[in-house]
Q: 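Submitted below is the structure of interest, expressed as structure tokens.
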Amino acid sequence: MSDTVVKTPCIICVAITGSVPTKADNPAVPVSLSEQVESTHEAFEAGATIAHCHVRDDAGNPTSDPTRFANLKQGIETHCPGMIVQLSTGGRSGAGHARGGMLPLAPDMASLSVGSNNFPTRVYENPPDLIDWLASEMAKHDVKPEIEAFDLSHIFRAAVMYQNGQIKDVPYVQFVMGVKNAMPVDREVFDFYVHTVRRLLGDAPWCAAGIGANQIVVNEWSIAAGGHVRTGLEDNVRLNRDTLAPSNAALVARAVELCDAYKRPIATTAEARSILGLRKGVA
Ligand SMILES: [Zn+2]
């Protein structure tokens, strides 16, 4: 491990809710606004600096309702000063332009998928014209995209969008591994993803998410390789095979322990904003 890897503060993103997990899967999944704000606050105190957010309707189903996103954004900004708010434009909670209806709220960041792939029971459909529109909305409202790379081709697409100006600043790429029917958690692919980011985007920061039981495995790979991490109940509801995670904060604490083991400092909100090149909220 190089000194640079050791010294680079690690940004911990907590994906608090997602579109899929329910209270039946784990009662700790925050669904209502107050639950989401409280769970995010606990995770923030545990060391998370990015909150990756989805919202649910009153029945607990995923929605892209901008009002609900606005309320959650405001709650996090009030209770977790400096925390980076990242709103999801993912395809499980809406279709077409509805997926970007929250972007005029101008959150710090939003997720951006730049290609299609399969999900467990359906196609995750991201047609080029929708991708272009979402990217243009993010540029218009000064929202930094986080590129959700479900496939190697998505890293290449992000690099092209950066070169042609559709993405204004160097992309922040997240490798998503472990979604059934998409890219599995695979060490050699992970290494090649890192290599590809370096080749196409130089020293751009990157992160990785492992879906399901391998969340902790991917966390460890990222921390050891100098990347940033994502954890949270959206991706995984268990601490281990036999134990449900009691909270988002418990999953964040697990990532913090790994950072300690690899001597990676945990990024403060100011450090995270600087690493990501966010213009808002940087002292
Ligand atoms: Zn998500």
Side-chain angles (χ1 to χ4, degrees), residues 1-13 50 52 84 86 88-91 108-118 124-139 142-179 182-211 218-230 264 267 271-279:
M1 206 179 347
S2 74
D3 278 359
T4 318
V5 168
V6 172
K7 286 175 191 156
T8 305
C10 183
I11 301 169
I12 299 176
C13 172
I50 301 177
H52 171 84
I84 295 162
Q86 180 186 97
S88 173
T89 67
D108 299 300
M109 300 181 79
S111 61
L112 178 64
S113 293
V114 295
S116 301
N117 57 277
N118 278 352
Y124 184 31
E125 202 175 325
N126 291 292
D129 58 345
L130 178 62
I131 296 166
D132 291 348
W133 180 78
L134 286 168
S136 70
E137 284 290 291
M138 290 182 199
D142 203 14
V143 178
K144 174 147 187 132
E146 177 182 276
I147 307 300
E148 308 301 326
F150 289 86
D151 185 85
L152 179 62
S153 63
H154 300 174
I155 301 174
F156 280 83
R157 186 67 210 149
V160 169
M161 293 175 75
Y162 176 47
Q163 281 151 16
N164 70 18
Q166 282 180 281
I167 295 173
K168 284 197 284 190
D169 299 313
V170 67
Y172 186 55
V173 177
Q174 169 160 257
F175 317 142
V176 188
M177 309 187 100
V179 175
M183 184 60 73
V185 174
D186 183 284
R187 179 69 214 212
E188 289 191 30
V189 172
F190 175 89
D191 289 341
F192 196 73
Y193 277 175
V194 174
H195 170 78
T196 303
V197 166
R198 288 189 181 136
R199 183 160 70 87
L200 300 179
L201 298 168
D203 58 358
W206 54 271
C207 60
I211 310 303
V218 175
N219 285 167
E220 184 162 10
W221 292 351
S222 296
I223 290 164
H228 304 283
V229 299
R230 166 164 142 167
R264 289 279 305 275
E271 286 168 340
R273 284 173 185 275
S274 167
I275 290 166
L276 294 169
L278 298 181
R279 282 173 288 276

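Since the structure is predicted, the reported quantities are computational estimates derived from the model, not experimental observations.
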Q: Taking CG in D203 as the centre, count heavy atoms belonging to other residues, nucleotides or ligands within less than 6.0 Å. Is the count above 12?
A: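 No.
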Q: Report yes if some heavy atom in the side chain of V176 is under 4.5 Å from a heavy atom in the side chain of I211; otherwise report no.
A: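 Side-chain contact under 4.5 Å: yes.
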Q: With a 4.5 Å heavy-atom cut-off, do I147 and R157 have their side chains touching?
A: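 Contact flag for I147/R157 side chains = no.
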Q: Could you walk me through whether W221 and V194 pass side-chain contact (heavy atoms from CB on, under 4.5 Å), step by step?
A: CA-CA 11 Å; W221 292 351; V194 174; over 6 Å; no
Q: Nearest 0.5 Å please: distance from the OG1 atom of T89 over to the CH2 atom of W133.
A: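 Taking OG1 in T89 and CH2 in W133, the distance rounds to 9.0 Å.
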Q: Compare every heavy atom of A139 with every heavy atom of K168, then report the nearest pair and how far apart it is.
A: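 Between these two residues, the closest heavy atoms are NZ-O, 3.2 Å.
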Q: How many angstroms lie between CE in M177 and CG in D151, if you round to the nearest 0.5 Å?
A: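 The CG atom of D151 is 10.5 Å from CE of M177, to the nearest 0.5 Å.
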Q: Would you say R264's side chain and I223's backbone share a donor-acceptor pair under 3.5 angstrom?
A: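 Yes, because the side chain of R264 sits within donor-acceptor range (under 3.5 Å) of the backbone of I223.
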Q: Do K144 side-chain atoms and V170 backbone N/O form a donor-acceptor pair below 3.5 Å?
A: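 At least one qualifying donor-acceptor pair exists.
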Q: Closest heavy-atom contact between F192 and L152?
A: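 So the minimum-distance heavy-atom pair works out to CE2-CD2, 3.8 Å.
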Q: Give me the atom names and distance for the closest heavy-atom approach of N126 to G115.
A: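 Scanning both residues completely, I find the closest heavy atoms to be ND2-O, 3.1 Å.
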Q: Please work out which of the three classes, parallel, tilted or perpendicular, describes the rings of F150 and Y124, given edges at 30° and 60°.
A: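 Ring orientation, 0 to 90° scale: perpendicular.
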Q: What's the spacing between L278 CG and I50 CD1 if we round to 0.5 Å?
A: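 The CG atom of L278 sits 8.0 Å away from the CD1 atom of I50.
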Q: Would you check if H52 and S88 make a side-chain contact, meaning some heavy-atom pair closer than 4.5 Å?
A: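 Yes. Closest side-chain heavy atoms under 4.5 Å.
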Q: Nearest heavy-atom pair of A272 and A267: which atoms, and what distance?
A: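 Residues A272 and A267, closest heavy atoms: N-CB, 4.1 Å.
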Q: Report the C-alpha distance between T196 and F156 in whole Å, list the side-chain angles of each, state the deciding distance to 0.1 Å, and finish with yes or no for side-chain contact (heavy atoms from CB on, under 4.5 Å).
A: CA-CA 8 Å; T196 303; F156 280 83; 3.6 Å; yes
Q: Test your reading of the model: is there a side-chain donor-acceptor pair from S111 to the backbone of E146, 3.5 Å cut-off?
A: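 Not a single qualifying donor-acceptor pair exists.
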Q: Taking the six-membered ring for Trp, are Y172 and H228 parallel (under 30°), tilted (30 to 60°) or perpendicular (over 60°)?
A: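 Ring orientation of Y172 relative to H228: tilted.
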Q: Where is the tightest heavy-atom contact between A225 and F190, given as atom of each residue plus distance?
A: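 For A225 versus F190, the nearest heavy atoms are CB-CE2, 4.4 Å.
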Q: Measuring from N219:CG to C207:SG, what's the distance to the nearest 0.5 Å?
A: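 Output value for this atom pair is 10.5 Å.
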Q: Of all the heavy-atom pairs spanning A149 and I155, show the shortest one and how long it is.
A: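 Reported closest heavy-atom pair: CB-CG1, 3.9 Å.
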Q: State the CD1-OG distance between I11 and S274, to the nearest 0.5 angstrom.
A: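 With rounding to 0.5 Å, CD1 (I11) is 9.0 Å from OG (S274).
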Q: Between CD of E137 and CG of D132, what distance do you get to the nearest 0.5 Å?
A: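 E137 atom CD to D132 atom CG measures 12.5 Å (nearest 0.5 Å).
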Q: Begin with the C-alpha distance, continue with both residues' side-chain angles, and end with the deciding distance and a verdict on side-chain contact (heavy atoms from CB on, under 4.5 Å) for H195 and D191.
A: CA-CA 6 Å; H195 170 78; D191 289 341; over 6 Å; no
